[in-house]
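Written out below as structure tokens is the structure these notes cover.
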There are 2 protein chains.
Amino acid sequence: MGCTISEAAKRSGLTAYTLRYYDKEGLLPFVDRTSAGNRDFKESDFEWLNLITCLKRTGMPVKNIREFINWCREGDATLQQRLMMFLRHQKEVQAQMAELEHCMEKINYKIWYYTKAVEAGTEAVHNKDTCETAASSTTKFITANVS
Amino acid sequence: MGCTISEAAKRSGLTAYTLRYYDKEGLLPFVDRTSAGNRDFKESDFEWLNLITCLKRTGMPVKNIREFINWCREGDATLQQRLMMFLRHQKEVQAQMAELEHCMEKINYKIWYYTKAVEAGTEAVHNKDTCETAASSTTKFITANVS
DNA sequence: GCTTGACTTAGAGTCAGCTCTAATCTGTAT
DNA sequence: ATACAGATTAGAGCTGACTCTAAGTCAAGC
């Protein structure tokens, strides 16, 4: 009816090793078994995997995801905890996004900086004086980003 | 003149252990030493640290950062490589940002979902039928995000 | 002169998250 | 019947990035 672990791996983009590891860690308690004892991934399992992958990629550790999965199985008594978990995680992801944007600015500056330097054939093009170091070009870069 | 490793740790937000580790890994070849052999962080070192931290936080592995630092010390012959490195990294960070935004949508949906469920006192508020599972609520969630 | 505190190094330990190995089992094709 | 492909498990191994320990050095204050 469902599919095997290697098919599930292909479809989810994870490896079969990783799926077994997640299962061992208690992240996939909903995955059924065939009479032979093989895992049998059904459609809804991929939706769980989707959510797990989303939480993982935003930096949630396996043990926190397990906690959430367990809450889901405990029913309505844990609704509040689950909501709070997502609110906490939302803040963390917002912070990550702000951090990425901040770093992106520096990267963009560096691209400008090195584009100019490559054009000129020398990093010295960025110096007021004739002889500054790479360190002081970084100074200017950071100063530029502050303003 | 400059400052000690523990002062540098405080100022950079890293630990002294981490600074020594970075140095051992070749990320801080520009940091001077006092006559006693102690590291002596000067102003420009913090700008390097700033850049290293930015690259680290956007997922660049230590060995790639070391490669970049080495290129910087080799002078103008490596300008092209440095530019290409930043262009590659820019793409990676853009992908990360897109990924974060995608995951954020799911998290936002979940917050809506659990807010409603907490209000109602039961997850069943999200079911058309009287008795669906948590898995099928995830189905609806993903479907909602596709549209 | 000696203690104290902060520094140094080499190298061991920790942790998360896989990744792989070895031994075994099972269903299908010849 | 037998081989084979692909599944299973327990548990070992790996990688990256720290994190800590142990043993030793050095400068300043009593």
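Every chain is numbered from 1, with letters handed out A, B, ... down the list of sequences. The model shown is predicted, which means the values in this text are computed figures rather than measured ones. Scope of the values below: all heavy atoms of this structure, side chains included, with no hydrogens, waters or symmetry mates.
Whole-Å rounding puts the Asn64(A) CG to dG17(C) C1' distance at 14 Å. Nucleotide dG17(C) holds its P atom 12 Å from the CG atom of Leu55(A), rounded to whole Å. Residue Glu7(B) contributes atom CD, which lies 17 Å from atom P of dG5(C) at whole-angstrom precision. Separating the CG atom of Leu27(A) from the P atom of dA16(C) is a distance of 14 Å, rounded to the nearest angstrom. We find that CZ of Phe41(B) is positioned 14 Å from C1' of dA6(C), with the value rounded to whole Å. The distance between atom CD1 of Ile65(A) and atom C1' of dG17(C), rounded to the nearest whole Å, is 11 Å. Distance CZ (Arg20(B)) to P (dC7(C)): 7 Å, rounded to an integer number of Å. In this structure, Met60(A) atom CE and dG17(C) atom C1' are separated by 16 Å, rounded to whole Å.
Judged purely by atom type and a 3.5 angstrom limit, Thr78(B) has no side-chain atom pairing as donor or acceptor with the backbone of Glu74(B). One N or O on the side chain of Thr53(B) and one on the backbone of Leu49(B) form a donor-acceptor pair closer than 3.5 Å. For the pair Glu105(A) (side chain) and His102(A) (backbone), a donor-acceptor distance under 3.5 Å is absent. Remark: the backbone N or O of Thr34(A) is not paired with any side-chain donor or acceptor of Asp40(A) at under 3.5 angstrom.
At a cut-off of 3.5 Å, with distance as the only test, a side-chain donor of Tyr113(A) or Glu123(A) sits close to an acceptor on the other residue. Residues Asp76(A) and Thr122(B) bring a donor and an acceptor atom of their side chains to less than 3.5 Å of each other.
On the nucleic acid side, DNA chain D has its first and last nucleotide under 4.0 Å of a heavy atom of chain A at dA7(D) to dG11(D), going 5' to 3'.
With a 4.5 Å cut-off on side-chain heavy atoms, Met85(B) and Glu67(B) do not count as touching. Residues Tyr22(A) and Leu14(A) meet the side-chain proximity criterion, which asks for heavy atoms closer than 4.5 Å. His89(B) places a side-chain heavy atom less than 4.5 Å from the side chain of Ile107(A). Gln81(A) places none of its side-chain heavy atoms less than 4.5 Å from the side chain of Phe86(A). Within the 4.5 Å cutoff, side-chain heavy atoms of Arg73(B) are placed close to those of Pro29(B).
At the heavy-atom level, Arg39(A) lies under 4.0 Å from the strands shown only through sugar-phosphate atoms. As judged by a 4.0 angstrom heavy-atom cut-off over every strand, Thr34(A) is placed among residues making no nucleic acid contact.
The phosphate of dG17(C) has neither OP1 nor OP2 within less than 4.0 Å of any side-chain N or O from Thr18(A).
Classification of the Trp48(A)-Phe68(A) ring pair by plane angle, with boundaries at 30° and 60°, yields tilted.
When each of Ile5(A) and Lys56(B) is assigned the nucleotide of DNA chain D with its nearest heavy atom, Ile5(A) is the one assigned upstream, toward the 5' end. Nearest-nucleotide mapping onto DNA chain C: of Val62(A) and Asp23(B), the residue sitting toward the 5' end is Asp23(B).
Within residues 86-102 of chain B, no residue places a heavy atom under 4.0 Å from DNA chain C.
Contact annotation: side chain of Lys63(A) to base of dG17(C), donor-acceptor pair absent below 3.5 Å.
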Dump the pairs, protein N or O against N or O of nucleotides 21-29 of chain C, anything under 3.5 Å, distances to one decimal.
none

